[in-house]
Number of protein chains: 2
Amino acid sequence: MDAEVIQGLGRCGTCPVRHSGLCNALTSDELARFKSIANLRAFQPGERIFLSDERSEFFSAVFTGVVKVTKILFDGRQQMVGLLMPPDCLGRVYGRTNPFFAEAATQVELCCFPRDRFENMLEEFPDLKQRLLEQTLDELDSAREWMVLLGRKTAEERVASLFLILASRTTTTVKDQSLGAERKTLELHLRRDEIADFLGMTYETVCRQITALQKQGLITKLGRRRFSVVDIDALSQAAG
Amino acid sequence: MDAEVIQGLGRCGTCPVRHSGLCNALTSDELARFKSIANLRAFQPGERIFLSDERSEFFSAVFTGVVKVTKILFDGRQQMVGLLMPPDCLGRVYGRTNPFFAEAATQVELCCFPRDRFENMLEEFPDLKQRLLEQTLDELDSAREWMVLLGRKTAEERVASLFLILASRTTTTVKDQSLGAERKTLELHLRRDEIADFLGMTYETVCRQITALQKQGLITKLGRRRFSVVDIDALSQAAG
DNA sequence: CGATCTGTTGACGGCAGTCAAGTCAAGTGG
DNA sequence: CCACTTGACTTGACTGCCGTCAACAGATCG
């Protein structure tokens with residue numbers, strides 16, 4: 001057996017894509033073949049992954065880190081349309097290009113597949129295509145939820161919604177020494193202006209609303225981008 | 001041959017779903033089988049198609065008319081997340097339910113397939129599943145474009161964008177008698193408050209911005225919901 | 001012809017955007 | 001080790017866009 005493949009399978013062992021993402025649709029034999037066409041690429045924070053309207057040669061899955069997908073209007077206004085974390089997928093199959101721009105928000109590792117070979121695999125493994133369809137449907141649902149936020153929610157509700165979403169995706173529960181109670185801590189990963197792009201507002205307003213949520217005692221600040229959720233029910237209420 | 005099927009195939013002959021939608025992926029033999037599990041259902045304007053979080057027994061394609069998909073917040077605020085016209089599809093495969101509400105905006109005819117039998121067909125005809133995947137990807141892209149509109153565009157840009165989208169989807173070009181030039185006429189289908197739900201604003205603001213676009217000479221009003229686009233480049237500019 | 005639904009326009013106020021100053025933390029170089 | 005710079009974040013003052021409330025105008029229909 002080839003050393004590279006062994007190493008590849010080794011990394012798959014701890015990969016979130018393997019266990020809850022696309023690769024979960026594959027048997028270990030299939031995975032071995034799948035892995036043979038993949039390679040891992042690393043990106044620094046702020047580094048471009050693909051440009052708007054660029055025909056990307058790769059389809060990829062997020063292995064580690066956070067990826068922003070945004071659209072920039074002619075005058076510089078910017079709106080984030082996707083925030084990808086492991087085990088989400090990035091890239092468009094079947095040859096269309098999109099007017100969106102992908103960028104590493106943190107240090108990122110992507111598991112990349114050449115586009116045409118990935119598409120062949122899709123034909124060969126129906127379960128894989130099935131899985132991709134299901135993930136796309138889920139993404140469409142979240143995009144629609146996000147449309148509700150952008151179209152109808154107030155600034156405070158938007159920020160509360162963000163904390164709620166991140167709390168459900170990325171928290172680690174830790175003992176609170178003073179109370180002996182467990183609290184969910186979460187990491188924003190993004191700067192204030194990136195959050196603003198995500199929520200469709202300005203970074204000053206993001207600041208003010210984070211402060212407001214603290215004053216109401218729903219969250220507490222542990223670091224610039226680190227918070228703990230004090231009252232998740234009240235937060236959910238505040239999110240609408 | 002069964003009379004119902006004959007009639008069914010007859011109607012497929014003029015169906016947009018057949019020619020540019022899902023059914024385009026099928027051969028005529030396959031279509032005959034597909035058609036045998038379908039039935040046409042009619043809805044009046046304002047009639048509910050499915051409720052939020054309801055597990056719908058049908059997957060369907062829009063044959064005629066316009067369908068709104070909306071989410072309603074606890075306090076009555078409402079946001080449209082999809083506006084479906086022939087040959088778009090409606091409904092969620094693979095058993096998830098969604099917190100969205102579908103309603104006929106005009107008189108609507110839906111070509112309905114029992115959900116489980118439709119899912120079986122998807123397995124049987126890979127081209128059909130392929131087609132569904134591609135349509136879903138396109139829908140995700142439009143949802144993202146919509147997020148940009150909701151998050152970052154001004155009231156005037158939103159209304160201009162709406163006219164632009166409808167101009168590209170549903171116009172009929174007619175001779176302008178006075179100028180001898182051709183103009184695109186379009187039909188809004190929706191009431192002002194429905195447009196407002198679509199654009200994430202109030203219906204009063206929609207009115208004002210429509211008036212503003214008329215005063216700028218970009219569009220002219222032919223009827224309550226009927227307009228013609230005078231200057232499509234300027235409109236495109238105004239849309240951002 | 002009145003009732004009702006839909007669309008238009010005006011006056012006013014508030015939420016969030018803009019502009020600006022200031023704080024804080026983490027480098028960097030002397 | 002300290003002055004200085006830089007980038008990220010916070011807070012304040014003011015403004016303006018758009019939402020709210022309200023009156024009115026047209027259209028449609030029994």
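Naming: A, B, ... by sequence-line order, numbering from 1 per chain.
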State whether [X] places a side-chain N or O below 4.0 Å from either non-bridging phosphate oxygen (OP1 or OP2) of [N].
{"X": "B:Thr205", "N": "D:dG19", "value": "yes"}
{"X": "B:Lys221", "N": "C:dT8", "value": "yes"}
{"X": "A:Arg192", "N": "D:dG7", "value": "no"}

Heavy-atom pair with the smallest gap, counting every atom of B:Leu84 and B:Cys89: CD1-O, 3.6 Å
Smallest separation among heavy atoms of B:Trp146 and A:Met147, with atom names: CD1-CE, 3.0 Å
Whole-Å distance between [N] [atom2] and [X] [atom1]?
{"X": "A:Arg152", "N": "D:dC18", "atom1": "CZ", "atom2": "P", "result": "13 Å"}
{"X": "A:Asp75", "N": "C:dG17", "atom1": "CG", "atom2": "C1'", "result": "14 Å"}
{"X": "B:Glu157", "N": "D:dC17", "atom1": "CD", "atom2": "P", "result": "12 Å"}
{"X": "B:Arg208", "N": "D:dC17", "atom1": "CZ", "atom2": "P", "result": "13 Å"}
{"X": "A:Leu150", "N": "C:dA16", "atom1": "CG", "atom2": "P", "result": "14 Å"}
{"X": "B:Gln214", "N": "C:dT8", "atom1": "CD", "atom2": "C1'", "result": "11 Å"}
{"X": "B:Leu199", "N": "D:dC17", "atom1": "CG", "atom2": "P", "result": "19 Å"}
{"X": "A:Tyr203", "N": "D:dG12", "atom1": "OH", "atom2": "P", "result": "16 Å"}

What nucleotide among [options] has an atom nearest to a side-chain atom of [X]?
{"X": "A:Arg191", "options": "C:dG17, C:dA16, D:dC9", "result": "D:dC9"}
{"X": "B:Met201", "options": "C:dT18, D:dG19, C:dG7", "result": "D:dG19"}
{"X": "B:Thr202", "options": "C:dT18, D:dG19, C:dG10", "result": "D:dG19"}
{"X": "B:Arg224", "options": "C:dT6, C:dT18, D:dT11", "result": "C:dT6"}

Quick check on DNA chain D: between B:Glu204 and B:Gln209, whose nearest nucleotide comes earlier from the 5' end? B:Gln209
With a cut-off of 6.0 Å (strictly less than), are more than 12 heavy atoms of other residues, nucleotides or ligands near CZ of B:Arg48? no
Under 4.0 Å between any heavy atoms, over every strand shown, what does A:Arg225 touch: base, sugar-phosphate, or nothing? Just pick one. sugar-phosphate
Quick one, B:Glu47 and B:Val108 - any side-chain contact, counting heavy atoms below 4.5 Å? no
Does NZ or CZ of A:Arg92 fall inside the cone over A:Phe50's six-membered ring, less than 6.0 Å from its centre and within 45° of the axis? no
